[in-house]
Amino acid sequence: MTMITTEIRHFEDTAVAVISIDNPPVNSLGSQLRVQLGEALTSTIADPLVQAIVLTGTGRFFSGGADIREFNTPKTGVRPVLREIISIIENAAKPVVAAINGIALGGGLELTLGCHGRVVSKEAKLGLPEVKLGVLPGAGGTQRLPRLVGVSAALDIIVGGEPLTADQAQACGLVDQVATGNLQDDACAYAVSIVQGTRARSRIDPAPLDEPVDEAIFDNARQKAQRKYRGCTAPLACIECVAKCLSADLSSGLAYEAEQFARLVNGEQSKALRHIFFAERKAVKRVAMGGPSLTIRKVGVVGAGTMGGGIAMSLANAGIPVMLLEQSDAAIKKGWETIQHNFAGNVKRGRFTESQVQQRLQLIGRTTRYEDLSDSDLIIEAAFEDMAVKKEIFTRLDSVCQSDAILASNTSRLDIDEIAAVTSRRDKILGMHFFSPANVMRLLEVVKGAHTSNQVIDAVFELAGKIDKTPVLVGVCDGFVGNRMISHYTREAYFLLEEGASPAQIDGALRSFGMAMGPLQMQDMAGLDISWAARKRQAGTRSPDLRYSCVADRICEMGRFGQKTGSGFYRYEPGSRKPLPDPEIDLLIALCAQEAGIIRRDISDQEIIARTIYALVNEGAKIVQDQIAQRPSDIDVVYVAGYGFPIFRGGPMFYADTIGLPTVLETIKEFHERFGDYWSPAPLLTQLAQNGGKFSDL
Ligand code: NAD
């Protein structure tokens, strides 16, 4: 397949070879393309009739960078490797100018750093996002970029991983010119002026970078990286590589960078991050549609509490008009004030300007009359978690909304099909399970009921894209994917408390595993009354033979609902969210253990991690088997995007794969023997472990 084309253009009596990268969809620099690009460059450089070269891309991309699927395969070694191509360009006797027509990321941008001039189109985006895949720019980016733009800007670009616009790139010196007319013409003119000697070649100085740099710049970058990429090693390696520019010449810096890249790309973290990268893309793929698609222009939201307010903000952020409905004027006023307060916080943190906030607020209408929802294409219910309340609301919505309007519930656990049954439009009823705070968290579980049509799912996926959410399709069951699994995780945390661990030990162990917060801290934050209500609801169907911990119920009975009441598993100083151990809770736990006849013992952090995380894995396997999730990787997306699972471990199912399913199964069998039926191994796990399979093979 031809991926590289060369055209000779005569420009002001100068012959310019325009080499175009044409490898849709993103012009990635895979092994086949590199061979063709290497040949095209070598032959045009050798061609005595060619005086200058312009390198460009076709379509929306200059180049999206390396082909990530080739990582950890022999294909990455196929020569010329990208570093060699860049060196051919850098050392060419005739000028090579990059005409950056669109998105230039990773290896795509590194390719241009070897060029002798960079001209970009106004729409171009330039960035080095490798850090997000657990690696670093390994084709010279960490050595050439600081020499071009300085250490501070290079750290921002390489460690931040966010792309720059054409203007930003020009302002920091990353590119030489933003095209005003036709990009290719401008780039040719640029190359010709180098040939004619009216403009100098841009050159990377191979000497160690001579820039006075305060060590604090690196300390700052390390601290920022720890906050942004909790537990990830790649950002630190990026910083070390940039620092190397100050002491090493280009060739030894490049050798150091190559060593660091090899270490990272072969490590578990990078494999996990790449797994999540592909898992997200798979999860958000829309259902193939036959008929006409539905478009959601206006959205109604019922309930202006914690979730309804956040959902309205998310929609308004995307420019979508919202009508917010509450049960009383007082409730709507309270909800409105919270929304204003939260937007004001966004202004304070510099996320939005005051006028942007005003535009958003104007998009949010308020009402207490159902009739005002009659022109909404979608209504999202976020009222109390009570089936009777939901049924009443859906009955009313069904009678006032247009016949093709979609009705969604934000319920955390309730049966969508039971809600749908009170309406005359069961094909248009679904769950849209947002996470708190809904204007911040990216995850959206899209719950497909027994009768929900694909057209409706597709429309909601489209909306999710517009409001910057990551939708994952899930089926109906108590808690869907995320909350169904979390029940098993918190159950083990409660049992471990009774058996001898303290709240601080459990939370500390799971934080050291990489969780954003421990399970008991998380309960305190979410509100203990919410899971208490769910346990009361499930009490009738719970087998009396199964062990039950009453610790959390007893804490609720004390009126301790977590952060919002100033105490829960921990106590909180007024105005603080810092969990402080509470001897009263230690006593309560000891008492519950005594009443249950449990002899408390020392528990290792390792046991805490295995019991809580393997509880997630075992339930996850059952969820895949029950077809509540479409694939194991969707569960990983749910846990990384919605539950603070460490991204560098790739989600619970991928983590189990990395441990090895036979080992995971053996431990689960041992827990089954010691702790009883909760631990019956998922048949899917048993089957995969016995056949040498992996979740990621499914
Ligand atoms: P909340 O108590 O903060 O808000 C509920 C709001 O709904 C209140 O303002 C109440 O006045 C209003 N409301 C109640 N009945 C109503 C009716 N008949 N008509 C109009 N408004 C009515 O609760 P929340 O935390 O926002 O939860 C709302 C829903 O979202 C629940 O189903 C909950 O399970 C789900 N959810 C909550 C979270 C979370 O972390 N809080 C996360 C995901 C999903």
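If you read the sequence from its start, that first residue is 1, and numbering goes on from there. Excluded from the calculations below are hydrogen atoms, water molecules and symmetry mates; all remaining heavy atoms, backbone and side chain alike, are included.
- Note that CE of M525 is 8.0 Å distant from CZ of R577, once rounded to the nearest 0.5 Å.
- Ring centroid separation for the pair F645 and F513 comes in under the 6.0 Å cut-off.
- Between F671 and Y678, a ring centre-to-centre spacing not shorter than 6.0 Å is recorded.
- For Q523 and S531, the side-chain atoms include at least one donor-acceptor pair closer than 3.5 Å.
- Between the side chain of N439 and the backbone N or O of M313, no donor-acceptor pair lies under 3.5 Å.
- Between the side chain of K469 and the main chain of A438, a donor-acceptor pair closer than 3.5 Å is present.
- Looking at L315 and I364, their side chains never come closer than 4.5 Å, going by heavy atoms from C-beta outward.
- Between R674 and E499 no salt bridge is recorded (no basic side-chain N to carboxylate O distance below 4.0 Å).
- Taking both residues in full, the closest heavy atoms of G562 and L528 are given as N-CG, 4.1 Å, listed atom of the first, atom of the second, then distance.
- One finds the OG1 atom of T658 at 12.0 Å from the CE atom of M653 (value rounded to the nearest 0.5 Å).
- A donor-acceptor contact shorter than 3.5 Å links the side chain of K390 to the backbone of A383.
- Distance alone, capped at 3.5 Å, places no donor-acceptor pair between the Y548 side chain and the S543 backbone.
- By the neighbour-count criterion of 12 heavy atoms within 6.0 Å, atom CD of E337 is densely surrounded, having more than that number from other residues, nucleotides or ligands.
- Although no hydrogens or angles enter the test, the distance criterion places no donor-acceptor pair under 3.5 Å between the side chain of R601 and the main chain of G500.
- The shortest side-chain heavy-atom distance between I486 and N483 falls under the 4.5 Å cut-off.
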Inset, instruction - Quick one: do Y489 and T612 satisfy side-chain contact (heavy atoms from CB on, under 4.5 Å)? Show the steps, please. - result: CA-CA 5 Å; Y489 171 81; T612 48; 3.6 Å; yes
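- More than 12 heavy atoms of other residues, nucleotides or ligands shown are found within 6.0 angstrom of CG on D626.
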Can you give the donor-acceptor pairs under 3.5 Å from side chains of residues 323-330 to other protein atoms, not counting sequence neighbours?
from, atom 1, to, atom 2, distance (Å)
E326, OE2, A304, N, 2.7
S328, OG, A331, N, 3.0

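- Under the 4.5 Å side-chain criterion, counting only non-hydrogen atoms from C-beta, E381 is not in contact with L407.
- The heavy-atom pair separating A493 from L520 by the smallest distance is CB-CD2, 4.4 Å.
- Other residues, nucleotides and ligands contribute more than 12 heavy atoms inside 6.0 Å of the CZ atom of R600.
- In this structure, CD in Q687 is found 11.5 Å from CG in L665, a value given to the nearest 0.5 Å.
- Remark: side-chain polar atoms of Y639 are paired, donor with acceptor, to backbone N or O of G482 under 3.5 angstrom.
- Counting heavy-atom neighbours within 6.0 Å of L546 CG, excluding the residue itself, gives a total above 12.
- Within the 4.5 Å cutoff, the side chain of M432 has no heavy atoms near those of the I311 side chain.
- Considering L397, V299, V301 in turn, L397 is the only one that fulfils the side chain to side chain contact (heavy atoms under 4.5 Å, CB included) rule with L373.
- For the pair E584 and R560, the minimum side-chain heavy-atom distance is below 4.5 Å.
- Interatomic distance, T663 OG1 to E666 CD, rounded to the nearest 0.5 Å: 8.0 Å.
- A donor-acceptor pair shorter than 3.5 Å cannot be found between the side chains of D582 and Y572.
- Under the ring-ring contact (aromatic ring centres under 6.0 Å, His included) criterion, W532 pairs with no residue at all, not counting sequence neighbours.
- Remark: Q627 CD is loosely packed, at most 12 non-hydrogen atoms of other residues, nucleotides or ligands lying under 6.0 Å away.
- Salt bridge annotation for R491-E619: absent, with no cationic side-chain nitrogen under 4.0 angstrom from a carboxylate oxygen.
- Contact check for T452 versus K428: no side-chain heavy atoms found under the 4.5 Å cut-off.
- Of all heavy-atom pairs between R230 and G644, the closest is NH2-O, 3.9 Å.
- Applying the 6.0 Å contact sphere to CZ of R426 captures no more than 12 heavy atoms from other residues, nucleotides or ligands.
- Checked by atom type and distance alone, the side chain of E492 never pairs as donor or acceptor with a backbone atom of Y614 at under 3.5 Å.
- H275 and D636 form a side-chain donor-acceptor contact under 3.5 Å, judged by distance and modelled atom types alone.
- More than 12 heavy atoms of other residues, nucleotides or ligands shown are found within 6.0 angstrom of NZ on K228.
- For D697, the CG atom sits in a packed shell: over 12 heavy atoms of surrounding residues, nucleotides or ligands are nearer than 6.0 Å.
- Contact detail for T686 and P681: the closest heavy-atom pair is OG1-CB, 3.8 Å.
- Taking the six-membered ring for Trp and the full ring otherwise, F695 and Y655 have centroids separated by 6.0 Å or more.
- Salt-bridge formation is detected for the pair E498/R547: a Lys NZ or Arg NE/NH1/NH2 atom is positioned less than 4.0 Å from an Asp or Glu carboxylate oxygen.
- Considering V447, L473, I457, V476 in turn, I457 is the only one that fulfils the side chain to side chain contact (heavy atoms under 4.5 Å, CB included) rule with L430.
- Here the straight-line distance linking atom OG1 of T470 with atom CG of D634 works out to 11.5 Å at 0.5 Å rounding.
- With a 6.0 Å cutoff to the six-membered ring centre and a 45° limit on the axis angle, R360 counts as a cation-pi contact of F352.
- Nearest heavy atoms, I416 versus G431: CD1-CA, 3.6 Å.
- Residues I623 and F480 fail the side-chain proximity criterion, which asks for heavy atoms closer than 4.5 Å.
- Less than 6.0 angstrom separates the ring centroid of H433 from the ring centroid of F435.
- Distance check, rounded to the nearest 0.5 Å: CG of L497 to CD1 of I598 gives 10.5 Å.
- Although no hydrogens or angles enter the test, the distance criterion places no donor-acceptor pair under 3.5 Å between the side chain of E607 and the main chain of S604.
- I467 has its side chain within reach of I320: a pair of non-hydrogen atoms, C-beta onward, lies under 4.5 Å apart.
- D657 places no side-chain N or O within 3.5 Å of a backbone atom of K694 that could act as its donor or acceptor partner.
- Nearest heavy atoms, T565 versus G559: OG1-O, 3.7 Å.
- Under a 3.5 Å cut-off, the side chain of D524 and the backbone N or O of Q563 do not form any donor-acceptor pair.
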Legend entry - Derivation and outcome, side-chain contact (heavy atoms from CB on, under 4.5 Å), residues R413 and Q538: CA-CA 11 Å; R413 292 179 165 272; Q538 293 155 349; 3.8 Å; yes
Inset, instruction - Check step by step if side-chain contact (heavy atoms from CB on, under 4.5 Å) holds for F434 and I380. - result: CA-CA 10 Å; F434 289 84; I380 304 170; 4.1 Å; yes
